[in-house]
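In what follows, a single structure is set out as structure tokens and then discussed.
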Amino acid sequence: MRAAPTILHLDMDAFYASVEQASKPSLRGKAVIVGGLGPRGVVATASYEARRFGVHSAMPTAQARRLCPNGAYLIPRFTLYRQVSDVVMAMLRELSPLVEPLSLDEAFVDLEAGGVAFDSDSARATGERLRADIRAATGLSGSVGLAGSKMLAKVASEEAKPAGLLLIEPGTERELLAPMSVRTLPGVGPATGEHLRRAGITTVGELVEAGEDELVRMIGRAHGAGLYRMALGLDDRAVVAERDAKSVSVEDTFDVDLHDRVRIRGEVQRLADRCVTRLRGSGHSGRTIVLKVRRYDFSTLTRSETLRGPTDDSGVVREAAARLLEAVDTTGGVRLLGVGVTGLADYTQEDLFAQSLAAGPEAAGSTGGVGSTGGAGGADRTGAAAGRAEPEAADGAAGAPDGPEPPGEPQEPPERRWAAGSDVRHVLYGPGWVQGSGVGRVTVRFEQPGSEPGRVRTFRVDDPDLEPSDPLPLVGDTSG
């Protein structure tokens, strides 16, 4: 614990939904829900307007539609979210060399290490300036917590939401925490919270009154002792500037269970390519290829193959993933597929024999196991198993196996799919975004960040004058 509130926690407000509202003027002040749009989709973020209807993250999209039928339901646009996040994180690194990102929209900052704050007054001034600078650079709001520890700084930012700042003066921690729910403390999830509730403990103050010995008896020594310290406001964890990535993965949940083995193989190949793209983007290579298959009955299988050396070659990953798939029974149907790479390194093995020389995973040091069975539990968000990593694409994205079309009759080109919220550009009307599509038509609202709410027009899905487009920046030149 520090004697001054020089640890800052920034949490952008309803980040994905706020970005969508900022880039789509007609949605400002309205309920916006971002996530998977299919029957098995999950909410990634809901705007504050949508939260008034009871919509929240990790909720099934189908349930959200029942609670908020008039909301705007949009696919995630992670290219834009990452661009905005990069701007915000760069601003944090100007404050201090010690910045610990937790996700695209959340980070700890050690203000003392940056020499920008040493007491309450300078810390508050730095926090207010940061919020103003973020608003000017992105048009978005963020909530700031300031305290003498990471835990308290995060509690403060949550209490400051939305668009606020809360500074916890050292010495006032216990008074502030006492009336709060035990769920406020890190590590107290639904199961632990329910266990404590049955014992008559619902607030942090009641945790302190119960005492360390009682908590150890109830929930074990390691968890009980740590929970008691947090209830007292004690937290000595340092802000860590770099976090080594342990794995890179992507996955898709499908609207309808896949039964066609050829289609399943094609999806695995497509996921392998996406995984390698992300792997290369992070500057890593990896030794172990992992295949994840969630079947029709929610049983989840994982299979892995360890290569002789790290690789970032898409061909190697595709071949390994295909071999792993051969060891999985998909007869009953598949609802989710994922491909990942672990054992990361910051170089690539030049030895050509890094890839497996055997026909099966066993000869390449394969390990495989059956994962625990369970519900969908937020798995629609790609990479959720790796610590709230951001999703990669809307669920149920259809993909076809690579390779030439078989000979036969000429085939009609596939109908273009226009996902709600995606960026488009029309030759005549300029930039806009898809409001919806169906029965051969796509409806587009033509507007852009900083403009007035735009007009709506409907086109054929194959209109040659309408093309997908890159997102426009939220602030600055939007003419591109």
Side-chain angles (χ1 to χ4, degrees), residues 16-17 20 27 31-47 50-51 53-78 249-268 270-271 274 292-301 330-339 371 373-385 388-400 414-422 433-443 461:
Y16 300 162
E20 297 299 339
L27 297 183
V32 174
I33 299 93
V34 178
L37 304 186
R40 294 171 176 170
V42 171
V43 174
T45 304
S47 69
R51 295 180 192 187
F53 292 88
V55 180
H56 57 78
S57 61
M59 171 183 286
T61 302
Q63 181 181 355
R65 289 185 186 276
R66 290 192 294 269
L67 294 172
C68 186
N70 296 321
Y73 290 81
L74 310 173
I75 62 164
R77 296 188 297 160
F78 288 101
S249 64
V250 295
E251 62 186 44
D252 270 347
T253 300
F254 303 99
D255 292 347
V256 179
D257 290 348
L258 304 185
H259 294 84
D260 183 353
R261 189 73 176 183
V262 174
R263 168 76 187 280
I264 293 172
R265 283 197 295 266
E267 292 293 341
V268 168
R270 183 177 59 82
L271 287 165
R274 279 172 50 196
K292 176 180 177 182
V293 180
R294 178 166 294 148
R295 300 191 291 188
Y296 69 99
D297 59 356
F298 287 96
S299 61
T300 302
L301 309 179
T330 61
T331 304
V334 170
R335 62 183 287 122
L336 177 146
L337 289 169
V339 174
T373 61
D380 295 82
R381 295 186 67 185
T382 299
R388 285 187 63 207
E390 70 276 15
E392 180 69 17
D395 64 341
E415 181 179 283
R416 289 197 290 181
R417 298 180 62 188
W418 302 96
S422 56
W433 59 279
V434 174
Q435 281 199 322
S437 63
V439 294
R441 296 287 187 270
V442 55
T443 299
V461 293

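Since the model is a prediction, treat every value here as computed from it, not as a measurement.
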Where do V339 and V268 land on the side-chain contact (heavy atoms from CB on, under 4.5 Å) test, with the steps shown first? CA-CA 7 Å; V339 174; V268 168; 4.2 Å; yes

Given M59 and L67, is the side-chain contact (heavy atoms from CB on, under 4.5 Å) satisfied, shown in steps? CA-CA 11 Å; M59 171 183 286; L67 294 172; 3.7 Å; yes

Checking T45 against R51 for the side-chain contact (heavy atoms from CB on, under 4.5 Å) test, could you report, in this order, the C-alpha distance in whole Å, the side-chain angles of both residues, the deciding distance, and whether it holds? CA-CA 10 Å; T45 304; R51 295 180 192 187; 4.3 Å; yes

Given R417 and S437, is the side-chain hydrogen bond (donor to acceptor under 3.5 Å, both in side chains) satisfied, shown in steps? CA-CA 8 Å; R417 298 180 62 188; S437 63; over 6 Å; no

Show the numbers, then the answer: is there a side-chain contact (heavy atoms from CB on, under 4.5 Å) between K292 and L337? CA-CA 6 Å; K292 176 180 177 182; L337 289 169; over 6 Å; no

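Using a 4.5 Å heavy-atom threshold, the side chains of L336 and F254 count as separate. The shortest side-chain heavy-atom distance between L271 and D252 falls under the 4.5 Å cut-off. Contact of the L37 side chain with the I75 side chain is registered, since non-hydrogen atoms from C-beta on lie closer than 4.5 Å. Side-chain contact check for R295 versus S299: some heavy-atom pair is nearer than 4.5 Å. A heavy-atom distance below 4.5 Å is found between the side chains of E267 and L258.
Using a distance-only test at 3.5 Å, with no hydrogens or angles considered, no donor-acceptor pair links the side chain of W418 to the main chain of G436. Proximity of a side-chain donor or acceptor of Y73 to a complementary backbone N or O of A64 within less than 3.5 Å is detected.
At a threshold of 4.0 Å, the pair R294-D257 does not count as salt-bridged, since none of the basic side-chain nitrogens sits closer than that to a carboxylate oxygen.
Rounding to the nearest 0.5 Å gives a distance of 12.5 Å between CZ of R263 and OG1 of T330. Rounding to the nearest 0.5 Å places CG of L27 at 4.0 Å from CH2 of W433. Atom CD1 of I264 sits about 8.0 Å away from atom NE2 of H259, to the nearest 0.5 Å.
Closest heavy-atom contact between R40 and V256: NH1-C, 4.2 Å. In this structure, D255 and G38 approach most closely via the heavy-atom pair OD1-CA, 3.4 Å. Between A420 and Q435 the shortest heavy-atom distance is CB-O, 4.0 Å. The two residues A17 and S47 have their closest heavy-atom pair at CB-N, 3.5 Å.
By the 6.0 Å and 45° rule, R335 does not stack over the aromatic ring of Y296.
Taking R77 as the reference, E20, D423 meet the salt bridge (charged side-chain N to carboxylate O under 4.0 Å, His left out) condition, with sequence neighbours excluded.
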